[in-house]
Amino acid sequence: MMAGSESFFEKVYGVARQIPFGRVTSYGAIANYLGGRMSARMVGWAMNNCHVHRYPVPAHRVVNRNGMLTGKHHFGSPLIMQQLLEAEEITIENDRIIHFEEHFWDPSIELKAGND
DNA sequence: GGTGTGACCAGCT
DNA sequence: AAGCTGGCCACAC
């Protein structure tokens with residue numbers, strides 16, 4: 001129904017905002033949850049336009065597949081992303097999340113796909 | 001309306 | 001082992 005009226009971007013923002021405190025996910029995981037084989041590039045670019053969204057998007061909880069803070073430069077300062085993650089009890093070292101798998105939050109698993 | 005691009009991912013050389 | 005290219009799709013000019 002009208003649910004599909006929302007842009008793909010808003011879907012990405014919706015998933016990103018559902019990431020619980022102290023959890024992180026990857027661009028590919030979100031892409032996989034939304035469209036299966038959709039290119040993760042689109043997810044990252046959606047984050048680039050996150051400022052367009054009405055509400056703030058926890059883009060700092062979204063990192064690449066390796067748990068690296070690849071998009072930290074887009075927060076205005078390369079230190080913002082790390083500080084935000086450290087504020088959530090997440091340890092960062094060398095721009096990479098320590099114990100990334102433990103903090104990893106897969107939307108396709110947590111949201112079960114169908115939990116509308 | 002075509003071209004370029006983008007915070008990725010995975011495979012190939 | 002490490003670098004690079006292709007591919008994916010939606011948005012901006």
Side-chain angles (χ1 to χ4, degrees):
Chain A
M1 287 300 235
M2 72 288 278
S5 301
E6 295 183 349
S7 299
F8 171 77
F9 275 35
E10 300 219 1
K11 295 180 182 177
V12 177
Y13 303 142
V15 175
R17 284 165 49 201
Q18 290 174 75
I19 303 174
F21 183 92
R23 295 285 182 173
V24 290
T25 189
S26 65
Y27 305 97
I30 297 176
N32 188 10
Y33 168 69
L34 293 177
R37 296 177 179 171
M38 194 176 301
S39 56
R41 281 183 172 181
M42 209 44 253
V43 179
W45 199 33
M47 291 295 141
N48 187 12
N49 286 271
C50 68
H51 62 90
V52 178
H53 201 259
R54 184 173 303 182
Y55 298 101
V57 179
H60 63 274
R61 292 179 184 158
V62 185
V63 297
N64 69 350
R65 190 58 179 168
N66 295 321
M68 300 179 91
L69 284 56
T70 53
K72 64 177 183 177
H73 272 279
H74 292 262
F75 285 80
S77 184
L79 302 177
I80 302 294
M81 190 173 189
Q82 178 171 341
Q83 291 175 354
L84 289 172
L85 290 172
E86 288 180 338
E88 301 194 2
E89 300 181 356
I90 297 177
T91 305
I92 311 295
E93 187 171 293
N94 260 345
D95 296 338
R96 182 178 171 274
I97 298 176
I98 304 301
H99 299 174
F100 174 61
E101 296 182 2
E102 296 181 2
H103 294 291
F104 188 70
W105 180 85
D106 193 341
S108 63
I109 295 176
E110 302 296 332
L111 300 181
K112 295 285 186 181
N115 182 15
D116 208 330

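Chain naming here is simple, since letters A, B, ... match the order of the sequence lines and numbering starts at 1 in each. Side-chain atoms are counted along with the backbone in the values below, which use heavy atoms only and exclude waters and symmetry mates. It should be emphasised that the depicted structure is a prediction, and the values quoted were computed from it without experimental measurement.
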For [X] and [N], give me the distance from atom [atom1] to atom [atom2], rounded to whole Å.
| X | N | atom1 | atom2 | value |
| --- | --- | --- | --- | --- |
| A:Tyr33 | C:dC8 | OH | C1' | 20 Å |
| A:Phe9 | B:dA7 | CZ | P | 12 Å |
| A:Trp45 | C:dA12 | CH2 | C1' | 6 Å |
| A:Ile30 | B:dA7 | CD1 | C1' | 11 Å |
| A:Lys11 | C:dC11 | NZ | C1' | 15 Å |
| A:Asn49 | B:dG6 | CG | C1' | 10 Å |

Are [X] and [Y] connected, step by step, through hydrophobic side chains (Ile, Leu, Val, Met, Phe, Trp, Tyr) whose heavy atoms are closer than 4.5 Å?
| X | Y | answer |
| --- | --- | --- |
| A:Ile80 | A:Leu69 | yes |
| A:Ile90 | A:Phe104 | yes |
| A:Val43 | A:Tyr13 | yes |

Is there any protein nitrogen or oxygen under 3.5 Å from a nitrogen or oxygen in nucleotides 9-13 of chain B, and what are the pairs?
from: B:dC9; atom 1: OP1; to: A:Arg65; atom 2: N; distance (Å): 2.8
from: B:dC9; atom 1: OP2; to: A:Arg65; atom 2: N; distance (Å): 3.0

>> At a heavy-atom distance below 4.0 Å, what parts of residues 91-99 of chain A sit against DNA chain B?
In response: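 None - not one residue of the stretch has a heavy atom sitting under 4.0 Å from the strand.
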> In residues 69-77 of chain A, which ones come under 4.0 Å of DNA chain B, going by heavy atoms?
Replying inline: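 The stretch gives A:Thr70, A:Gly71, A:His74, A:Phe75 as the residues lying under 4.0 Å from the strand, ordered by number.
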>> I need the single residue from A:Asn32, A:Val12, A:Asn64 that forms a side-chain contact (heavy atoms from CB on, under 4.5 Å) with A:Tyr27. Which is it?
In response: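 That would be A:Asn64; it is the only one of A:Asn32, A:Val12, A:Asn64 passing the side-chain contact (heavy atoms from CB on, under 4.5 Å) with A:Tyr27.
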> Taking atom CD1 of A:Ile92 and atom CD of A:Gln83, what is their separation to the nearest 0.5 Å?
Replying inline: 11.0 Å
>> With rounding to the nearest 0.5 angstrom, report the NZ to CG distance, A:Lys72 to A:Leu85.
In response: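 The distance works out to 11.5 Å.
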> To the side chain of A:Cys50, which of B:dA7, C:dC11, C:dC8 is closest?
Replying inline: B:dA7
> With sequence neighbours excluded, what pairs up with A:Phe75 under the ring-ring contact (aromatic ring centres under 6.0 Å, His included) test?
Replying inline: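 Per chain and number, A:Phe75 pairs via ring-ring contact (aromatic ring centres under 6.0 Å, His included) with no residue.
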> A:Glu102: what forms a salt bridge (charged side-chain N to carboxylate O under 4.0 Å, His left out) with it, not counting sequence neighbours?
Replying inline: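 With sequence neighbours excluded, A:Glu102 shows a salt bridge (charged side-chain N to carboxylate O under 4.0 Å, His left out) to no residue whatsoever.
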> Does OH in A:Tyr55 sit with more than 12 non-hydrogen atoms of other residues, nucleotides or ligands closer than 6.0 Å?
Replying inline: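 Not more than 12 within 6.0 Å, no.
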> Reckon A:Ala46 touches a base, only the sugar-phosphate, or nothing at all at heavy-atom distances under 4.0 Å?
Replying inline: nothing
> Taking only residues two or more places apart in sequence, or in another chain, which ones meet A:Glu86 in a side-chain hydrogen bond (donor to acceptor under 3.5 Å, both in side chains)?
Replying inline: A:Gln82
>> Quick one about A:His103 and A:Glu88 (side-chain donor to acceptor, distance below 3.5 Å, no hydrogens or angles considered), yes or no?
In response: no
